[in-house]
Amino acid sequence: MEDEQAQHMDGLAVEGCPRCPSLVDSRSRIVNGTGPADADVLFVGEAPGAQEDAEGEPFVGRSGSVLDEQLRTVGLERESVRITNCVRCRPPDNRDPSTEELEHCRGYLEAEIDRVDPDVVVTLGKVPGEHLLGRSVAVTKEAGSVEEVRIGDTPRPVLICLHPAATLYDRSQEPAFAETIREAAAIAGVSPTDEGGQSRLGEY
Ligand code: URA
């Protein structure tokens, strides 16, 4: 598997992976992570959606706008963080990735986390939280908590966060989402530039 992985990945970007036949059929392209290879904060989502599949970049749809806005509020520009997904190909009909698909992509995710070596890994939503923590996660309850988790060979702080889309479905989740992103910035040693700034999350 390691040789096969090396054939498709340089540590950050995957090319031409054939492991999941149904995702090979449904994807327009592989959506690799974006952001600096030495970012202090690494966000992990579930899988690309339609817009990510079309543009080849994670979190560029409505969820991405929510994430971007909150990042700006705490002084973390999108360009300064790494953003990736558990699975790099869009599942058909926006279904959740299967356990097998998550496992197929796991080595790529671990290699990317190893390479970036961030101060904190932030899981966006239930699927990445459970995938990296290896247990069931009640995201709404546990959002904001940090757990040390062995990823590959290295213990790393993992910060549980709501998926940004949760704030689109339920506005009452906005403060918890904002607070967790603020916490990620604090762990990375970034102080907010816009403390008094008025959040525009409520416009969604
Ligand atoms: N949701 C995700 O989990 N990942 C994306 O890239 C976009 C939306």
Side-chain angles (χ1 to χ4, degrees), residues 9 12-15 17 20 22-24 26-37 39 41-72 76-106 108-113 116 118 120-133 136-140 142-143 151 158-171 173-174 176-178 180-181 184 201 204:
M9 191 190 202
L12 289 176
V14 177
E15 277 178 23
C17 179
C20 307
S22 123
L23 300 192
V24 170
S26 63
R27 74 185 182 208
S28 310
R29 71 200 80 237
I30 294 173
V31 179
N32 284 302
T34 53
V41 183
L42 185 149
F43 290 93
V44 183
E46 178 179 323
Q51 202 159 337
E52 289 76 23
D53 177 68
E55 295 185 32
E57 197 172 320
F59 285 98
V60 288
R62 288 182 77 205
S63 299
S65 307
V66 173
L67 179 61
D68 288 353
E69 187 199 339
Q70 202 52 51
L71 288 173
R72 274 196 300 275
L76 275 174
E77 290 299 322
R78 181 185 176 95
E79 292 69 30
S80 71
V81 301
R82 185 100 193 153
I83 307 177
T84 195
N85 279 305
C86 294
V87 164
R88 292 171 194 244
C89 302
R90 182 190 180 203
D93 306 318
N94 287 338
R95 65 159 169 77
D96 283 354
S98 68
T99 308
E100 194 182 22
E101 289 160 355
L102 285 164
E103 281 316 309
H104 284 168
C105 229
R106 172 128 196 154
Y108 298 141
L109 178 60
E110 288 184 357
E112 184 173 15
I113 294 171
V116 175
V120 63
V121 174
V122 186
T123 54
L124 295 171
K126 191 173 180 70
V127 168
E130 296 193 340
H131 188 48
L132 287 181
L133 269 61
S136 66
V137 174
V139 186
T140 314
E142 297 188 55
I151 302 176
V158 174
L159 172 60
I160 299 172
C161 186
L162 291 158
H163 195 282
T167 68
L168 299 173
Y169 302 127
D170 178 359
R171 291 238 204 120
Q173 308 269 19
E174 283 178 17
F177 179 71
T180 308
I181 300 297
L201 288 176
Y204 287 94

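When a ligand or atom number is given, it counts from 1 through the structure's own listing order. Quick caveat: nothing in here was measured; it's all calculated off a predicted structure.
Using a 4.5 Å heavy-atom threshold, the side chains of R82 and L12 count as touching.
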For ligand 1, list every N/O pair with the protein closer than 3.5 Å, one pair per line with the distance.
| unit_1 | atom_1 | unit_2 | atom_2 | d |
| --- | --- | --- | --- | --- |
| ligand 1 | 1 (N) | H163 | NE2 | 3.1 |
| ligand 1 | 3 (O) | E46 | N | 2.8 |
| ligand 1 | 3 (O) | H163 | NE2 | 3.1 |
| ligand 1 | 4 (N) | A47 | O | 3.0 |
| ligand 1 | 4 (N) | N85 | OD1 | 2.9 |
| ligand 1 | 6 (O) | F59 | N | 3.0 |
| ligand 1 | 6 (O) | N85 | ND2 | 2.9 |

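No hydrogens or angles considered: nothing links the side chains of S26 and R95 as a donor-acceptor pair under 3.5 Å.
Applying the ring pair (Phe, Tyr, Trp, His ring centres under 6.0 Å) definition to pairs two or more places apart or across chains, none involves residues 78-97.
Summarising the geometry of V139 relative to G125, their closest heavy-atom pair is CG2-C, 3.9 Å, with the distance given to 0.1 Å.
Residues passing the ring-ring contact (aromatic ring centres under 6.0 Å, His included) test with Y108: none are found, sequence neighbours excluded. Applying the side-chain contact (heavy atoms from CB on, under 4.5 Å) rule to A13 yields the partners D10, N32; only residues at least two apart in sequence or on another chain are considered.
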